[in-house]
Amino acid sequence: MAGFWLGRCRLLHRKGVSAARAVDGLRALFKPGNPSVIRVFGVSRRPDQAFEAEVIPVVLSRAGFEAMARRMEASFVHKDGQPVRAVLPNPDAFFKSPEHFSILRMCNHWTGDQLNAAGVPTTPMIDGLALAFAFDLRLRAGLKAAKPEVSKVEVTEKIPHKAG
């Protein structure tokens, strides 16, 4: 399993608390057309066991899964058929994205877009905040939170990655 994070590339170059970092943060939120990166990370356990936050399982058809995988693939900048890794002073795996980051386009919006491509109804205007996104998934898609003690969610398919 992989997690994704859409964020402003320049903001990730600076660390700590500083006026310059605060300016970068405001620019990231409010300047149109910010270049973005996607953080990809592995999760070694079921999501309901790996995260303290509420997990909402989503069951997809094969066609929905394939549509979502194509949408995810389009979220990466490619060179020679492979995603382009962003050069950042960070050991995590960040990749360049053609998409843009702002206060109106955050990581939960990106996740909503992926689910929507799979056929799960979402409402982009309210999906920026985690609580609102969870409410949207419950309301529009009829999804419910996983109960860790009875959850049977297992990863059964790998996201296909196009060959170079």
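Keep in mind that this is a model prediction, so the values were computed, not measured.
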- Query: Say you draw a straight line from OG1 of Thr122 to CG of Asn116; how long is it, rounded to the nearest 0.5 Å?
  - Reply: 4.0 Å
- Query: Can you name the nearest heavy-atom pair linking Pro98 to Ser75, along with the distance?
  - Reply: CD-O, 3.3 Å
- Task: Flag yes if Ile126 and Val58 sit in one hydrophobic cluster, no otherwise; membership is Ile, Leu, Val, Met, Phe, Trp, Tyr, and two members link when side-chain heavy atoms are under 4.5 Å apart.
- Result: no
- Item | Pairwise distance CZ(Arg140) to CG(Leu115) - rounded to 0.5 angstrom | 12.0 Å
- Query: For the residue pair Asp113 and Arg71, what are the closest heavy atoms and their distance?
  - Reply: OD2-NH2, 3.4 Å
- Task: Could you walk me through whether Val120 and Leu137 pass the side-chain contact (heavy atoms from CB on, under 4.5 Å) test, one step at a time?
- Result: CA-CA 8 Å; Val120 177; Leu137 291 174; 4.1 Å; yes
- Task: Would you mind reporting whether Ile38 and Trp110 have side-chain heavy atoms less than 4.5 Å apart?
- Result: yes
- Query: Would Ile56 and Phe133 show up in the same hydrophobic cluster when neighbours are defined by side-chain heavy atoms closer than 4.5 Å?
  - Reply: yes
- Task: Looking only at non-hydrogen atoms, find the nearest pair between Leu60 and Ala118 and report the distance.
- Result: CD2-CB, 3.7 Å
- Query: Within the side chain of His109, is there an N or O that forms a donor-acceptor pair under 3.5 Å with the backbone of Pro124?
  - Reply: yes
- Query: Within the side chain of Arg85, is there an N or O that forms a donor-acceptor pair under 3.5 Å with the backbone of Phe95?
  - Reply: no
- What's the spacing between Met106 CE and Leu129 CG if we round to 0.5 Å? 8.0 Å
- Task: Report the C-alpha distance between Val40 and Phe76 in whole Å, list the side-chain angles of each, state the deciding distance to 0.1 Å, and finish with yes or no for side-chain contact (heavy atoms from CB on, under 4.5 Å).
- Result: CA-CA 11 Å; Val40 180; Phe76 292 89; 4.0 Å; yes
- Please name the pair of heavy atoms, one in Val37 and one in Ala86, separated by the smallest distance, quoted to 0.1 Å. CG1-CB, 3.7 Å
- Query: Can you tell me how far CZ of Arg138 sits from CZ of Phe135, rounded to the nearest 0.5 angstrom?
  - Reply: 9.0 Å
- Nearest heavy-atom contact between Met72 and Gln114 is N-OE1, 3.2 Å
- Task: Specify the closest pair of heavy atoms between Ala50 and Val43, including all atoms of both residues, with the distance to one decimal.
- Result: CB-CG1, 3.4 Å
- Ser97 side chain to Glu99 main-chain N or O, any donor-acceptor pair under 3.5 Å? yes
- Verdict with reasoning, Thr123 to Asp136, per side-chain hydrogen bond (donor to acceptor under 3.5 Å, both in side chains): CA-CA 7 Å; Thr123 308; Asp136 185 26; 3.0 Å; yes
